[in-house]
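In what follows, a single structure is set out as structure tokens and then discussed.
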Amino acid sequence: MEIKKQKIRFRILKGCEANILNDGQLDINDKTLKKLDFVIAGIHSNFKMAKKKMTERLIRAMKNPHVDIIAHPTGRIIKKRESYLLDIGKILRAAKQTNTILEINSYPERLDLSDRHIKLAKELGVKMVINTDAHHKDQMRYIEYGIAQARRGWAEKKDIINTQPLEQLLRFFK
Ligand SMILES: [Zn+2]
């Protein structure tokens, strides 16, 4: 018997994770960012900043019209590094105002946002995305930890953009 070829339609989205520099600007220029379907921005250096400066740094990144998602928003690495100093209330309000999505990073050492921050984000109507942060295909399975983390924070399907069909998902991006 001949196996019928199934036609599965899917679309690969182009995205990146850019670095948020000290002053809140990104390390990728606007012209390049414009070409992408979505832009994730995250802090990967200079973690030891004063609370006010760090909060402003992240808010400036959120105000960038190309930035859709903030990666691992508090920067904690469980048992290795505390979260950087941050006014989480201000960050959540800025996310709401700028329609920026906050990541729930599924990496076992990160799980960032934390459960408490997920609950606060939900209460303020801030949308979240569950990302694996996979650096290898075997790490795609980490998504399960991200889903568990979202549930610990009482997030529901409507709070998480990547539970939505493609057309709706795309509407969340700036
Ligand atoms: Zn990152």
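One-based numbering, in listed order, for ligands and for the atoms of each. Counting from 1, the numbers follow the sequence of the chain as shown.
Within 6.0 Å of NZ in K158 there are more than 12 heavy atoms belonging to other residues, nucleotides or ligands. Within 6.0 Å of CD on E82 lie no more than 12 heavy atoms contributed by other residues, nucleotides or ligands.
With the Zn ion (ligand 1) as vertex, H44 NE2 and H72 NE2 subtend 100°, rounded to 10°.
E17 has its closest N, O or S atom to the Zn ion (ligand 1) at the position named OE2.
Between Q139 and D133, the shortest heavy-atom distance links the atoms OE1-O, 4.3 Å.
In summary, D133 places no N/O/S atom under 2.8 Å from the Zn ion (ligand 1), failing the contact criterion.
Note: H135 and Y107 have perpendicular aromatic rings, judged against thresholds of 30 and 60 degrees for the angle between ring planes.
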